[in-house]
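Shown next, in structure tokens, is the structure this report addresses.
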Amino acid sequence: DHWALVVSPPERVDWPLSPREQRALGVALEAKGRFADAYAAYQQAGPSGGVTDLFLGNALLGQGRFAEAGSAFEAHLALHPESAEAANNLAWTIMRGGADAVRAEKLVRDARPRSEALHPYLLDTLSQIQAARGDRAGALSTVEAALAEVGEGDRALAGALAFHRGELLLAMGRPEE
């Protein structure tokens, strides 16, 4: 047996991929902001016990297709009700789509005990929901708690949280902070 490792940019992959490899390709395309291409890769991966629904939902969310993303996250949650990631993403989708903020908040609050790793993301979503409901002080407190948790561990998330904090402070008339 001889093995070879082939490294190729996503756009140059022209050989058959396994469903797992298709999902990995989709993740790589999502990371490049190529959500429509990621969606196509996830569709080619086919169903996988609802796992693909989570990936499809993320690609749809990246395209601003909130209703379709919500349906994909709902399908994933129907098979994996413990999925904190799907609950958070569904809550974000609901909030961004202008739908039921009460349900979105319940999804996040119920998911928090199930995932320590996602806790700062859940807090970020919760702060956005609080802000959308007019509770800017609560949202500021929540986003600051998320910032304290994430620290320097995830610079992209820390940057997004700092941005959300800045938006809240501006909306509260506190630009000097």
_Checking one residue: Tyr39. Which other hydrophobic residues are in its cluster under the side-chain 4.5 Å linking rule?_
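Listed partners: Val27, Tyr42, Val51, Phe55, Leu56, Leu60.
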Any side-chain heavy atom of [X] sitting closer than 4.5 Å to one from [Y]?
X      : Y      : answer
Phe66  : Ile94  : no
Val108 : Asn88  : yes
His76  : Glu85  : no
Tyr121 : Asp154 : yes
Arg174 : Leu140 : yes
Leu169 : Pro175 : no
Glu177 : Met172 : no
Ile129 : Lys106 : no

For [X] versus [Y], what's the shortest heavy-atom pair and its separation?
X      : Y      : value
Glu30  : Asn58  : OE2-CB, 3.5 Å
Gly57  : Ala69  : O-CB, 3.5 Å
Ala84  : Ser115 : CB-CB, 3.5 Å
Ala139 : Ser127 : CB-O, 3.2 Å
Glu176 : Gly173 : OE1-O, 4.4 Å
Ala158 : Leu147 : O-CD2, 3.7 Å

message: Checking Arg133 against Val102 for the side-chain contact (heavy atoms from CB on, under 4.5 Å) test, could you report, in this order, the C-alpha distance in whole Å, the side-chain angles of both residues, the deciding distance, and whether it holds?
response: CA-CA 9 Å; Arg133 293 179 72 189; Val102 173; 4.0 Å; yes
Measure from the side-chain N and O atoms of [X] to the backbone N and O of [Y], and report whether any donor-acceptor pair falls under 3.5 Å.
X     : Y     : value
Ser83 : His80 : no
Gln63 : Ala59 : yes
Thr93 : Asn89 : yes

Once rounded to the nearest 0.5 Å, what's the spacing between atom [atom1] of [X] and atom [atom2] of [Y]?
X      : Y      : atom1 : atom2 : answer
Leu107 : Met95  : CG    : CE    : 12.5 Å
Asp110 : Glu82  : CG    : CD    : 13.5 Å
Gln22  : Thr52  : CD    : OG1   : 10.0 Å
Thr125 : Glu105 : OG1   : CD    : 11.5 Å
Leu118 : Asp124 : CG    : CG    : 12.0 Å
Leu77  : Asp53  : CG    : CG    : 10.0 Å

Residues Thr142 and Gln130: side-chain donor-acceptor under 3.5 angstrom =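 Indeed, the side chains of Thr142 and Gln130 share at least one donor-acceptor pair under 3.5 Å.
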Requested in this report: List in chain and number order the residues that pass salt bridge (Lys or Arg N to Asp or Glu O under 4.0 Å) with Glu144, two or more places apart in sequence or in another chain; answer none if no residue qualifies.
Outcome: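 If we apply the salt bridge (Lys or Arg N to Asp or Glu O under 4.0 Å) test to Glu144, skipping adjacent residues, the hits are Arg165.
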**OP:** Let me see the working for Val143 and Leu123 under side-chain contact (heavy atoms from CB on, under 4.5 Å), right down to the final yes or no.
**Re:** CA-CA 6 Å; Val143 80; Leu123 289 175; over 6 Å; no
NZ/NE/NH1/NH2 to OD/OE distance under 4.0 Å, Asp37 and Arg34: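 Yes, Asp37 and Arg34 are salt-bridged.
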>> Do the side chains of Glu74 and Arg103 get close enough for a salt bridge, i.e. N-O under 4.0 angstrom?
In response: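 Between Arg103 and Glu74 there is a salt bridge, with a charged N closer than 4.0 Å to a carboxylate O.
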Next on the checklist: Is it the case that atom CZ in Arg114 sees more than 12 heavy atoms from other parts of the structure closer than 6.0 Å?
Outcome noted: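 Enclosed.
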